[in-house]
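Since the structure comes first, as structure tokens, the remarks are kept for the end.
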Amino acid sequence: MMRSILTYSVAVLATFSSLSQNKQLLYGLENIPQSLLLNPGGEIDTQKHFGIPFFSGFHLNAGTSGVSVYDIFGNDNGDINTKIRDKISELSDKDFFTITQQLELLNFGWRSQEGTYFSGGWYGETDFIAYFPKDLAVLATEGNRDYINVPFDIGQISARADATSVFHFGINKQINRKLTIGGRAKLYSSLISLSSTGNTGTINTVPSENGLNIYEHRLSNIDFSFQSSGLTSLTELSGNRTGITTTVMGRSLFSGNYGLGVDVGFTYQLTDKVRLSASALDIGAIFHATDTDTYRIQGDYALNGIELVFPPIEDGEFTLPYYNDLEDEIERELKLDTISKSYVQARPLKVHAQLAYNFGNFIGGSACDCLEKGRIRRVNEMGIHLYAIKRPKGPQTAGTFFYRRRFGTNFSLKGTYTVDSYSKDNIGAAMVMDIGKFNFYVAADTLLRYENLAKANSVSLQLGLNLKWDQ
């Protein structure tokens, strides 16, 4: 049973395409307000804006780093069980499965008379990541016969899921012709949070030393924990869809589990053609104090087998409760603590850095397209972009080369080539278009796989619609 569950879980997880974190497609686009969410110190060519509620910004990534749908379900006449076993062999405990979704509910901004740009809004974010427990998958599918004296690492179990409502307000200030700085304050309201990270311990089968059995099964240095916030009250509403919906929506504003964070960033014109920018996002934490539970198992245990005893049984007597005794023994040696107390959880820190080179004619064909303090726009832009996000088992990074072409002030295209944890041939594109006061953008990656998305290891989609008044 366990073998079937674990084997086919690989197939199910393969149906997601991997998280590319390709938000860098929108980074540095001065003609869309959402670029300020990636760099509060970025340049913004807007007098004021207002996002169309629920349509101003949508972002979705989902998937795996080591397996695609085609690897499992490809039409090559191969046996699916063999494919799954082969993939389990190829994957490592650093491979992961993840989903990230973001939906803007409100977004607005305006420029003051002295030139400072203020922006704020509200968005919901869902983020899930689970690492592949390679050792346990091998143990479940192959057993331990060929792995005597080989420890299986329980610490490979690592997962985290968060659904968060975020309220934010930012300030963007152009200091002089070269330097722009910005910051954004954030208030987090956690809808639900689940995590099991930092686990340790091993399962090992060794030759028995006491002669009671041929082998001895050992659980060593076990320290396994699971933390939840907002879960218990939802499980109590199981089957009551209306109650669950009402509770979740209420938590968007008043969850009882709040946090604070900041974004910081800057843009610096090294020359009239070269621009350097960088930002750090979600520097903060959430303080979980309501509806919290922590389950923790610690200890060591060795099983030499169950010695069956067959005493004479008279009418009305029962046999010895072997498995009940075993269960009591395990619970005695591996202590389970259930703690309902507050805990603090850091937000996944994200870092962007970009170096861009502008060349070609000036926008509009004039000597320069200067704003109040002399910003210059040219029709062509190319550069490199580096991205990193902090994850439970270490940072995940991506490097992007991009080219952008501006067609006047109302239309631009951007193409990207990204190397990340998922592939080395990720081609993406973004389009930004202004029609009157309406500002529309769309961005996607993994374009080389769109003929057959089942082969993709990375898929990302972003789009939005704003009302915008330019300077």
Side-chain angles (χ1 to χ4, degrees), residues 14 16-30 32 34-35 37-39 42 57-71 94-102 127 129 265 275-282 348-358 380-391 393-406 412-432 441-464:
F16 299 111
S17 302
S18 73
L19 170 66
S20 67
Q21 287 292 351
N22 220 6
K23 273 195 167 185
Q24 55 262 40
L25 277 165
L26 303 183
Y27 189 97
L29 300 183
E30 74 287 337
I32 62 169
Q34 280 70 21
S35 64
L37 291 176
L38 301 177
N39 182 5
F58 173 77
H59 176 217
L60 176 65
N61 296 301
T64 90
S65 65
V67 59
S68 69
V69 176
Y70 189 83
D71 292 334
K94 296 297 191 297
D95 284 304
F96 51 88
F97 314 95
T98 185
I99 300 173
T100 296
Q101 176 269 332
Q102 191 176 98
D127 185 35
I129 181 170
R275 182 182 72 249
L276 173 68
S277 62
S279 63
L281 311 179
D282 287 313
L349 175 67
K350 309 168 188 69
V351 176
H352 292 269
Q354 186 180 98
L355 184 66
Y357 174 72
N358 288 266
N380 300 297
E381 182 177 274
M382 62 186 298
I384 57 174
H385 185 109
L386 301 177
Y387 170 80
I389 179 173
K390 183 181 179 182
R391 287 302 195 182
K393 288 192 175 183
Q396 296 171 4
T397 60
T400 297
F401 173 80
F402 68 89
Y403 170 75
R404 183 183 178 194
R405 179 68 162 86
R406 298 181 179 91
S412 66
L413 295 173
K414 182 179 181 180
T416 61
Y417 169 76
T418 299
V419 176
D420 53 23
S421 303
Y422 318 98
S423 69
K424 294 179 174 59
D425 59 353
N426 188 346
I427 303 297
M431 179 192 72
V432 182
Y441 69 88
V442 60
D445 66 2
T446 323
L447 300 183
L448 297 181
R449 301 288 186 271
Y450 268 48
E451 182 180 352
N452 187 353
L453 283 177
K455 295 183 178 180
N457 279 98
S458 176
V459 172
S460 174
L461 175 65
Q462 302 154 79
L463 51 89

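For reference, positions follow the sequence shown, starting with 1.
- Here the straight-line distance linking atom NE2 of H385 with atom CD of Q354 works out to 6.0 Å at 0.5 Å rounding.
- Side-chain atoms of T100 never come within 3.5 Å of backbone atoms of N61 as a donor-acceptor pair (strictly under, hydrogens ignored).
- For F401, there are no ring-ring contact (aromatic ring centres under 6.0 Å, His included) partners two or more places apart in sequence or in a different chain.
- Ion pair D282/K390 not flagged as a salt bridge, since none of the NZ, NE, NH1 or NH2 atoms sits closer than 4.0 Å to an Asp/Glu carboxylate oxygen.
- Annotation: side-chain hydrogen bond (donor to acceptor under 3.5 Å, both in side chains) contacts of S277 (sequence neighbours excluded): Y27.
- Put simply, OG1 on T400 and CG on D420 are 7.5 Å apart, with the number rounded to the nearest 0.5 Å.
- Every residue meeting the side-chain contact (heavy atoms from CB on, under 4.5 Å) condition with A353, not counting sequence neighbours, appears here in chain and number order: A278.
- Nearest heavy atoms, T416 versus A429: OG1-N, 4.4 Å.
- Looking at residues two or more places apart in sequence or on another chain, you find a side-chain hydrogen bond (donor to acceptor under 3.5 Å, both in side chains) between Y403 and N380.
- Side chain of S65 to backbone of F96: a donor-acceptor contact under 3.5 angstrom is found.
- Within the model, atoms CZ of R406 and CD of E30 stand 4.5 Å from one another, a figure rounded to the nearest 0.5 Å.
- Contact detail for L349 and A280: the closest heavy-atom pair is CD1-CB, 4.5 Å.
- Of the possible donor and acceptor atoms, none in the side chain of N39 sits under 3.5 Å from a partner among the backbone N and O of S279.
- L60 pairs by the side-chain contact (heavy atoms from CB on, under 4.5 Å) definition with F58, Q101, not counting sequence neighbours.
- Atoms CE and CG, on M382 and N358 in that order, are 11.0 Å from each other to the nearest 0.5 Å.
- Atom CG of residue L463 and atom OH of residue Y441 lie 7.0 Å apart, to the nearest 0.5 angstrom.
- Applying the side-chain hydrogen bond (donor to acceptor under 3.5 Å, both in side chains) rule to Q34 yields the partners E104, N466; only residues at least two apart in sequence or on another chain are considered.
- Annotation: side-chain contact (heavy atoms from CB on, under 4.5 Å) contacts of L29 (sequence neighbours excluded): L26, N31, I32, R404, K414, V432.
- Nearest heavy-atom pair across A430 and L25 is CB-O, 4.1 Å.
- To the nearest 0.5 Å, the span separating OG on S460 from CG on N426 amounts to 8.5 Å.
- The side-chain hydrogen bond (donor to acceptor under 3.5 Å, both in side chains) check on R275 picks up E381, with sequence neighbours excluded.
- I129 is listed as a side-chain neighbour of Q396, based on a closest heavy-atom distance under 4.5 Å.
- Shown here are the salt bridge (charged side-chain N to carboxylate O under 4.0 Å, His left out) partners of K393, two or more places apart in sequence or in another chain: D93.
- Closest heavy-atom contact between L38 and H352: O-CD2, 4.0 Å.
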